[in-house]
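Start at 1 and go down the list; that is how both ligands and their atoms are numbered.
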Amino acid sequence: MPKYQTKLVERVEVAEGTMAFGFEQPANFNFTAGQFFTLILPNQPYNDAKGNRRTFSIASPPQVDGHLQIVTRMTGSALKRSLAEVALGTPVEILGPSGAFTLHADTAVPAVFIAGGIGITPFRSMVHDAVARQLPHQIILVYSNRNLEGTAFHDEFRQVAATHRNFKYIPTLTQADKSQRRWEGEQRYVNMDFLREHINDFTKPIFYLAGPPGLVNTIRKAVLEAGVGPRRIQAEEFEGY
Ligand SMILES: Cc1cc2nc3c(=O)[nH]c(=O)nc-3n(C[C@H](O)[C@H](O)[C@H](O)COP(=O)(O)OP(=O)(O)OC[C@H]3O[C@@H](n4cnc5c(N)ncnc54)[C@H](O)[C@@H]3O)c2cc1C
């Protein structure tokens with residue numbers, strides 16, 4: 001696995017308890033939307049038994065030249081506390097890119113992306129990549145969170161849906177009553193009924209699922225129950241959550 005030296009150049013809160021970190025894209029580091037890398041923070045100021053490396057999906061699309069962004073829930077682990085505090089310009093190492101969680105080539109086959117919480121990261125890259133390359137795939141994004149404050153990139157996806165006929169955005173908030181902002185959209189968990197109501201045809205799309213393993217497994221069960229064969233399901237489990 002190739003190892004690259006780079007540095008932290010951006011740090012911004014993108015939702016409640018959720019930070020984006022940006023890194024200079026090393027020369028010759030080329031990736032496909034949906035892939036991930038392993039981040040190593042040498043000499044981190046905080047330490048715990050879990051160490052100084054983690055795997056993160058790349059949340060920015062390849063068209064953002066010179067910049068790689070990751071997005072994560074701030075759980076309080078030593079690595080994440082360190083990332084939140086070290087100076088911009090701090091050197092980091094990245095190993096990758098890796099992974100085959102990428103959009104299929106056949107543009108006649110629709111894609112259904114289902115993200116549980118922070119599982120949105122590969123899809124953010126894939127949606128912006130599809131827009132930038134004017135790919136004709138039909139894409140439906142189902143995005144489940146507890147509340148609106150914790151829903152990263154909600155306004156961004158609404159905007160893409162408003163301007164691109166091929167992209168449909170279906171957010172659901174399972175604890176909408178705990179949102180400060182008013183919510184009149186979906187509030188159900190992503191189960192078989194939810195999917196049958198929002199997706200007309202289950203025979204054609206490829207289903208892509210991403211997020212913490214517990215969530216991905218629950219959603220996978222619902223997709224299978226809705227009648228989708230396992231060969232049309234791709235999953236990226238964020239092991240470690
Ligand atoms: C393909 C892939 C893509 C991912 N993409 C993202 C993403 O885009 N955003 C995101 O937030 N997360 C992502 N993750 C998960 C990410 O790698 C972290 O596991 C997660 O963010 C939790 O990290 P933490 O520091 O908050 O949790 P912690 O629980 O503090 O740390 C989790 C890590 O520590 C290890 N660990 C746990 N307990 C111990 C122990 N007792 N001793 C030693 N090691 C231990 C785990 O194996 C794991 O590597 C991804 C994971 C994978 C596999």
Novice: Does Arg133 reach the side chain of Gln63, with side-chain heavy atoms less than 4.5 Å apart?
Specialist: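 Heavy-atom side-chain distance check passes, below 4.5 Å.
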
Novice: In chain order, what residues pass the side chain to side chain contact (heavy atoms under 4.5 Å, CB included) check against Glu16, with sequence neighbours excluded?
Specialist: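 Scan of Glu16 (side chain to side chain contact (heavy atoms under 4.5 Å, CB included), adjacent residues dropped) gives Glu149.
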
Novice: If you count the non-hydrogen atoms of other residues, nucleotides and ligands that lie under 6.0 Å from CG in Asn28, is the total more than 12?
Specialist: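 No.
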
Novice: Sequence neighbours left out, cut at 3.5 Å: what donor-acceptor pairs do the side chains of residues 233-241 make with other protein atoms?
Specialist:
unit_1: Glu237; atom_1: OE2; unit_2: Arg220; atom_2: NH2; d: 3.4
unit_1: Tyr241; atom_1: OH; unit_2: Thr72; atom_2: OG1; d: 3.4
unit_1: Tyr241; atom_1: OH; unit_2: Arg73; atom_2: N; d: 3.4
unit_1: Tyr241; atom_1: OH; unit_2: Lys80; atom_2: NZ; d: 3.4

Novice: Can you run down the side-chain hydrogen bond (donor to acceptor under 3.5 Å, both in side chains) pairs that involve residues 113-125, sequence neighbours left out, and say none if there aren't any?
Specialist: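 The answer is Gln69-Arg124, Arg124-Glu156.
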
Novice: Angle between ring planes, Phe202 versus Phe207, binned at 30° and 60°: parallel, tilted or perpendicular?
Specialist: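 If you compare the ring of Phe202 with that of Phe207, the planes turn out parallel.
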
Novice: Let me know which protein residues bring a heavy atom to under 4.0 Å of ligand 1; chain then number is fine for ordering.
Specialist: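 Under the 4.0 Å cut-off, ligand 1 touches Phe36, Ala49, Lys50, Arg54, Thr55, Phe56, Ser57, Val71, Thr72, Arg73, Thr75, Ser77, Lys80, Ile118, Thr121, Glu236, Glu237, Phe238, Glu239, Gly240, Tyr241.
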
